[in-house]
There are 2 protein chains.
Amino acid sequence: MQAKYIQIKNAITGHIEDGSWLPTEKIPSENELAEQFGVSRMTARRALDELCAAGFLVRSQGLGTFVADRRPMSSMLEIHNIAEEIADRGHAYSCRVAKLNRVSSDKRKAILLSVQEGQEIFHSTLVHFESGIPVQYEDRYVNPVFAPDYGLQDFNVQTPNVYLSSVAPLTEADHIVEAVLPSKAIAKSLKMDHSDPCLKITRRTWSKKGVVSFAYLYHPGDRYRLGSHLNF
Amino acid sequence: MQAKYIQIKNAITGHIEDGSWLPTEKIPSENELAEQFGVSRMTARRALDELCAAGFLVRSQGLGTFVADRRPMSSMLEIHNIAEEIADRGHAYSCRVAKLNRVSSDKRKAILLSVQEGQEIFHSTLVHFESGIPVQYEDRYVNPVFAPDYGLQDFNVQTPNVYLSSVAPLTEADHIVEAVLPSKAIAKSLKMDHSDPCLKITRRTWSKKGVVSFAYLYHPGDRYRLGSHLNF
DNA sequence: CAGTGGTCTAGACCACTGG
DNA sequence: CAGTGGTCTAGACCACTGG
């Protein structure tokens, strides 16, 4: 005898897999599922919670539960999704958008994005906060061919990373990790001392058709580490 | 106001991270935790369920809940071998052994190596050079159970990494990457300025039967970077 | 046997969303 | 406002483990 919550999970993934519930579509509410399956709301919730953790569903308080529009990403990539990482730690995530505009690409940026020198590209800078404390300064350049509406986004709703993944599914990424001293402007944004070290990650991401974006991510050395969950 | 189950999760991971609850150790039962935190059993369960899903705990019906004996592996860094890396770039590799002796393990080292506090362990420090320029300071501790002859090796012939892999085949590794300022001694060994940033990698390696070794690897920020290329 | 985790109920109050 | 998901309670019965 299967547990009831497992039967409900199988029924839901069945609907998703056979296409009767399409990506982004709203699915029945907790109360509706509880009634349909003749279980308590807590049992219906358990099925939804687990499918949500597995990346099949997305839930939003006050709105409902929806079929996820993308498959769960690889765990390697999740290491670099700052908003998710902070939420997973149970801390409050927030961000401040400092810049969002178009710039003309100089030679180096043109090469990195595989565009013509002088072509207009998007430029954004953001500061990401964990429980109100700045933990990442993001300096990003985006190829407008893959994300023509990048300049209109509200990154308080969806981080650049998540938005770009939705418009141009990620197929490849490339990282460089190094230790540097921050510029004065970056030190100020991160509320750290100019003489304290920063962990800098340079990241380029590809979609099937080319380079979507590259970003310089700066983290205060004493507030951010890459790797496993060990603490000493 | 944090949710109660998140407070309980943080309390538990705190005990694990500070070493007061060791791997494979039994932790309080659901009922005990519920009483300690003044919550219902379902709320205590939720904290345990999520930590179990995250790989921190292992549960067994009828037996209890235990601290997982190995941490989730960090797949972000491949095991890299500095000598090979330098040779691959076509440069001359050399190293200088600064220390090679036995020390008594203090509490932190004992926990990291999964040995009894006070047990003798090997300690070595080396500097690795690329074409005569120092690029890595290696500060390593080794469990003598897996490598009883570690103290007799000539690391100019074979790096500690390669020697250890030959006597205790590597099955797992764990990394932390961070940006720090070097101590004066390390700065001097690396011929770098005390105020320039260092990329620090803390690495633990496992063989089938347990933790073989852990090492702190310091690299001058302007002479060393970590890179990776991922395909999804 | 007493204790453990596994499942489940029928309620409750809350924060949030849209209309 | 009614409906949604988010958290939480105080019970219940079960399968399983060790002694």
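Below, chain A is the first sequence line, B the second, and so on; all start at residue 1.
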Inset, instruction - Name all pairs fulfilling the ring-ring contact (aromatic ring centres under 6.0 Å, His included) condition that reach into residues 8-33 of chain B, sequence neighbours left out, sorted by first residue then second. - result: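 Passing the test, one end in residues 8-33 of chain B: B:H15-B:W21.
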Inset, instruction - Please list all pairs passing the ring-ring contact (aromatic ring centres under 6.0 Å, His included) test where one or both residues lie in residues 27-48 of chain A, with sequence neighbours left out. - result: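 Every pair satisfying ring-ring contact (aromatic ring centres under 6.0 Å, His included) with a residue in residues 27-48 of chain A: there are none.
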Can you tell me the distance, in whole Å, between the [atom1] atom of [X] and the [atom2] atom of [N]?
| X | N | atom1 | atom2 | answer |
| --- | --- | --- | --- | --- |
| B:L63 | C:dG3 | CG | C1' | 11 Å |
| B:L57 | C:dG5 | CG | P | 11 Å |
| B:E35 | C:dG3 | CD | C1' | 14 Å |
| A:I27 | D:dG3 | CD1 | P | 19 Å |
| A:L33 | D:dG3 | CG | C1' | 14 Å |

Inset, instruction - Dump the intermediate steps for side chain to side chain contact (heavy atoms under 4.5 Å, CB included) on A:Y5 and A:V39, then the final yes or no. - result: CA-CA 9 Å; A:Y5 77 93; A:V39 300; over 6 Å; no
Inset, instruction - Output yes when B:R46 and B:D49 qualify as a salt bridge under the 4.0 Å nitrogen-oxygen rule, no when they do not. - result: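 Salt bridge flag = no for B:D49 with B:R46.
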Inset, instruction - Would you sketch DNA chain D in dot-bracket for me? Only Watson-Crick or G-U wobble pairs with both distances under 3.5 Å count, crossing pairs as [ ], other-strand pairs as |, the rest as dots. - result: |.||||||||||||||.|.
Legend entry - Any residue meeting side-chain hydrogen bond (donor to acceptor under 3.5 Å, both in side chains) with A:Y137, in chain and number order, not counting sequence neighbours: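 Result, side-chain hydrogen bond (donor to acceptor under 3.5 Å, both in side chains) vs A:Y137: none returned.
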Inset, instruction - Return the set of residues passing side-chain hydrogen bond (donor to acceptor under 3.5 Å, both in side chains) with B:D139 (not counting sequence neighbours), or none when no residue passes. - result: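 Testing B:D139 for side-chain hydrogen bond (donor to acceptor under 3.5 Å, both in side chains), a comparison that skips the adjacent residues, returns B:H123.
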Inset, instruction - Go through the steps for A:D193 and A:S195 under the test side chain to side chain donor-acceptor pair (under 3.5 Å), then give the verdict. - result: CA-CA 5 Å; A:D193 202 280; A:S195 63; 2.8 Å; yes
Legend entry - Residue mapping more 5' on DNA chain C - nearest nucleotide basis, B:K26 or A:G62: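 That would be B:K26.
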Legend entry - Aromatic centroids of A:Y150 and A:F155 separated by under 6.0 Å: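 Centroid separation for A:F155 and A:Y150: below 6.0 Å.
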Inset, instruction - Report yes if a side-chain nitrogen or oxygen of A:S60 is closer than 4.0 Å to either non-bridging phosphate oxygen (OP1 or OP2) of D:dT4; otherwise report no. - result: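 False: A:S60 side-chain N/O out of range (4.0 Å or more) of D:dT4 OP1/OP2.
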Legend entry - Distance test, side-chain N/O of B:S29 to OP1/OP2 of C:dG3, below 4.0 Å: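 Negative; the distance criterion is not met.
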Inset, instruction - Can you check each nucleotide of nucleotides 7-14 of chain C against protein heavy atoms at under 4.0 Å and return B for base, S for sugar-phosphate only, - for none, in 5' to 3' order? - result: BBBBBB--
Inset, instruction - Look at the aromatic rings of B:Y216 and B:F214 and report parallel, tilted or perpendicular, splitting at 30° and 60°. - result: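 Rings of B:Y216 and B:F214: perpendicular, as their planes differ by over 60°.
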